[in-house]
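I have placed the structure first, in the form of C-alpha cells, so that the comments after it can refer back to it.
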Number of protein chains: 2
Amino acid sequence: MKPTIRDVAKMAEVSISTVSRVMNYPDSVVESKRKRVMDAVQKLQYQPNAFARGLIFKKSFTLGLLIPDIENLYFAGIIRGMQDACIKLGYSLMICNTDRDKERLLSYIDNFHEKQVDGIVFASDVLYPEYYDKLVGCRIPFVLLSSHTYDYEIPSIEVDDEAAAYDAVKFLIELGHKEIGMIGFNHDNSIAGPPRYEGFIRALTECGLEQNIGKIRYANHRFEHAYEAAHELFTAYPELTAVFCVADEFAMGTISYLKDRNIHVPGQVSVVGFDNLRMSSMFIPKLTTIAQPIYELGYRAAEKLHELLVTGSVAILRERMDHRLIVRESSREK
Amino acid sequence: MKPTIRDVAKMAEVSISTVSRVMNYPDSVVESKRKRVMDAVQKLQYQPNAFARGLIFKKSFTLGLLIPDIENLYFAGIIRGMQDACIKLGYSLMICNTDRDKERLLSYIDNFHEKQVDGIVFASDVLYPEYYDKLVGCRIPFVLLSSHTYDYEIPSIEVDDEAAAYDAVKFLIELGHKEIGMIGFNHDNSIAGPPRYEGFIRALTECGLEQNIGKIRYANHRFEHAYEAAHELFTAYPELTAVFCVADEFAMGTISYLKDRNIHVPGQVSVVGFDNLRMSSMFIPKLTTIAQPIYELGYRAAEKLHELLVTGSVAILRERMDHRLIVRESSREK
DNA sequence: TCCTTTTTAGAAAACCTTTTCAAGGGGATT
DNA sequence: AATCCCCTTGAAAAGGTTTTCTAAAAAGGA
C-alpha cells in the first residue's frame with residue numbers, strides 16, 4: 001500500500017493537517033514538529049496523492065497535445081519544445097496522435113476531458129465546428145498551433161505561411177527560373193494549403209510569371225503521395241526547371257521521383273522545401289527549404305496556453321513567428 | 001463549472017447512485033430512468049471525474065512511456081503501436097522524452113509516480129541500478145522495450161539483436177564482400193551495442209573473414225556522428241567494399257559521407273542499415289536494412305505491461321519478436 | 001500576575017465518485 | 001390471500017487531501 005498522509009501523521013505523532021501544512025507551507029509549522037514530519041515523509045517515501053489533490057484544486061497540472069501524425073518529424077520538434085516548456089511551467093504533458101482521423105480526435109477530446117487536462121494545444125489541423133463545439137462543450141481552454149481560425153476568437157500561433165511561400169518562390173525566381181511548379185497540400189483538409197498557395201501565386205504575379213499559375217499538383221501529407229504528384233506534375237509540364245514543395249517530405253518525394261527519372265537535382269531542376277525537418281540536412285542533396293522555428297513553436301504554444309489558463313486571456317490573439325530561408329544543395333541558378 | 005454526478009441526478013430526478021449505475025452497469029437500471037439519465041448526461045456533456053474515480057479505484061488507467069529521443073523515427077513507430085494498444089485496453093498514454101539525460105529520466109519517474117500511472121514502458125535504454133531502485137521504490141510496475149536485463153527479473157520485449165546483426169553481415173558476405181566494416185553504437189551507454197557487435201563478429205568468424213574484426217567505428221545515435229565515424233572508418237580502411245550500420249540513421253550518415261567523397265553506393269560500397277524506419281524507403285538510394293517490427297513492439301509492450309498489471313506476472317519474461325532483412329538499393333553483389 | 005493578542009495545531013467539511021447495505025415494491029408461488 | 005424472493009433504488013460511507021474554523025497555547029503588555 002502506498003503510504004498516505006495519515007501514515008505520516010501517525011509516525012510523526014501530529015495531525016494530518018500539520019502534515020499537509022508542512023508539505024505546502026513549511027514556515028507555518030514550528031521547527032520541532034516540522035522536522036518530525038519531514039523525517040517521516042522521507043522514511044515512508046511519501047508522495048501526496050494526485051487524485052485527492054486534483055479533486056480539491058480542480059486542476060490536473062497536465063496539458064494535452066493533439067497532433068495529426070507522430071511519424072512526421074515536424075511534430076517531434078513540436079513535442080520537444082512543448083515538453084520543455086511544460087517542465088518549466090510545472091505541467092505534465094499528454095500527447096495524442098490522431099492519424100488525421102476525425103472520430104479519433106473527438107474521442108481523444110473526451111479522453112482529455114475525463115482526465116481533466118487543464119488545457120489543450122491543437123496542432124496543425126483545421127478547427128472544424130464539431131471540434132470547436134466539443135471543446136467548448138467540455139469547457140477546456142485551448143490554443144491553435146500552426147493553425148488559426150477567423151470564425152472564433154481562439155488564440156493561435158504559427159508562421160506566416162503566405163509570406164513564407166512567397167519568399168520561397170521569390171528565391172527561385174531570383175535564381176532565374178521561369179518555369180516553376182508547385183506540390184501543394186489539398187485545400188480541403190489542410191490549414192496550410194490555401195495560404196501557401198496564395199504565396200506561390202503572389203510571387204508569380206508580381207514577377208510576371210502568370211503562365212505558371214496552374215502548374216500545381218496536390219498531395220496528401222506523405223512522401224509517397226508527393227512522389228505520385230511529382231510524376232503527374234512533370235508529365236503535364238516537362239518544361240519545369242524548379243518546384244516549390246510545401247513540405248520537406250514533399251521535396252524528398254519529388255527529388256526521389258526525379259532521381260528515378262534520371263533528372264538531376266539541382267542540375268536540371270531546383271527544389272525548395274518547407275519546414276526544415278532534421279532530415280532535410282541528411283537528405284541527398286541537402287534540402288533548400290523554408291525553416292520554421294519548430295521547437296520554439298511548441299514551446300511558445302505551451303506558454304501561451306499557460307497564459308490563457310492563468311489570466312483567462314492572452315496578450316496576442318493571433319501570434320506569428322518568423323520563418324527564414326535556408327539555402328542548401330537542392331537549388332541552383334538557372 | 002463542470003457538471004458533476006449530482007447535477008445529472010438532479011436533472012434526471014434520480015439519486016446519484018442511479019446515475020453511477022447507468023454509467024457503469026446500464027442493465028441494472030430500469031429503461032425509463034436509464035433514458036432520463038442518459039438524456040441528462042447528453043445534455044450536460046457530463047463526464048465522470050477521473051480524480052474521484054482514481055481515488056476509489058487507486059488506478060489512473062494511464063500508462064507511462066519513457067523514450068530516449070523523440071526525434072528518432074524509431075520511437076514514433078513505437079508510440080503509434082503503443083497508443084493503439086492503449087486505446088484497445090482502455091488506457092491513456094503519457095509520453096516522456098528523456099533526451100538521454102539521467103536526471104531528466106529520474107525526474108520523469110517522480111512525475112509518473114505523482115500522477116499515479118499504473119505502469120511504465122521503459123524503452124531502448126540501459127536499466128541502470130538508480131533507475132531500477134527508483135522504480136521499485138515507487139512501486140510502479142514496468143516492462144523493458146528494446147532492452148533487457150539479466151540483473152533483475154524484469155519483463156522485456158525486443159528483437160534478437162545478435163541474430164539480426166548476424167543476418168545483415170551474412171547477407172553482405174553472401175553478396176561476395178570480403179572487406180566489411182561496421183558503424184556501431186558505443187557499448188557503454190547503449191543496450192543494442194554489444195549484441196549487434198557480437199552478431200557482426202560471429203558472421204565474420206564463421207566465414208573466415210577475421211581480418212575485418214577491428215574495422216569498426218562507433219557513433220552516438222545521430223546522423224552527424226555517423227558521418228564522422230564513416231570518415232574515420234574509411235580513412236583507416238579505404239579497402240572496404242561494404243559497411244554494416246547498426247541503425248538506419250547511421251546508414252544515411254555513412255552514405256552521405258560516401259557521396260561527399262564521390263564514392264558510389266551501392267556501386268563501390270554496399271551499406272546495410274538496421275530498423276527500417278519510414279525514412280529508409282525515402283532515402284536515395286533506398287536502404288537495404290534489417291526491419292524491426294516497430295509498431296508491433298510498441299503494441300506488444302503495452303499488452304505485456306497490461307498483463308503484468310492485471311495478473312501480477314507475465315507469461316514470457318524475456319520475449320523476442322522476429323526481424324527480417326529487406327533488400328533495397330543500397331547493397332549490391334561484389 | 002492577569003488580560004489581550006498572536007501563533008500554532010487539531011477537528012471537520014468539502015471535493016466527486018463507487019459500492020455496500022438496507023428497504024420498498026412487485027411478481028410468483030403456495 | 002399470504003409469504004417469499006428478486007429487482008430496483010436510495011442513503012451513506014469511503015477514498016486522500018486541503019482548508020476553514022475553532023481552540024489552545026504562547027507571547028506580550030500593563
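Below, chains carry the letters A, B, ... as their sequence lines are ordered, and counting in each starts from 1. Because only heavy atoms are used, hydrogens play no part in the values below, and waters and symmetry mates are left out as well, while side chains stay in.
Rounded to an integer number of Å, the gap from B:Leu44 CG to C:dT17 P is 12 Å. The distance between atom CZ of A:Arg34 and atom C1' of C:dA9, rounded to the nearest whole Å, is 14 Å. One interatomic measurement links the two molecules: CZ of B:Phe61 to P of C:dT18, which rounds to 10 Å at whole-angstrom precision. Rounded to a whole Å, the NZ atom of A:Lys10 is 15 Å from the P atom of C:dG10. Rounded to whole Å, atom P of D:dT8 lies 15 Å from atom CZ of B:Arg36. Rounded to a whole Å, the NZ atom of A:Lys59 is 16 Å from the C1' atom of C:dC15.
With hydrogens and angles disregarded, a donor-acceptor distance shorter than 3.5 Å links the side chain of A:Asp101 to the backbone of A:Glu103.
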Worksheet, complete the sentence: Under a 4.0 Å heavy-atom criterion, the protein footprint on nucleotides 16-21 of chain D, written with B, S and -, is BBBBB-
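Residue B:Ser28 places none of its side-chain N or O atoms closer than 4.0 Å to OP1 or OP2 of D:dC7. Residue A:Lys33 places no side-chain N or O under 4.0 Å from the OP1 or OP2 atom of C:dT8.
Residues A:Val117 and A:Ile140 are in side-chain contact: their nearest non-hydrogen atoms beyond the backbone lie under 4.5 Å apart. Looking only at side-chain heavy atoms (C-beta outward), A:Val126 and A:Asn189 stay at 4.5 Å or farther from each other.
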Item to complete: Show the numbers, then the answer: is there a side chain to side chain contact (heavy atoms under 4.5 Å, CB included) between A:Val121 and A:Leu63?
Response: CA-CA 8 Å; A:Val121 171; A:Leu63 301 184; 5.7 Å; no
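Ring planes of B:His306 and B:Tyr91: perpendicular class, angle over 60° (limits at 30 and 60°). In this structure, A:Phe122 and A:Tyr131 have tilted ring planes: the angle between them lies in the 30° to 60° band.
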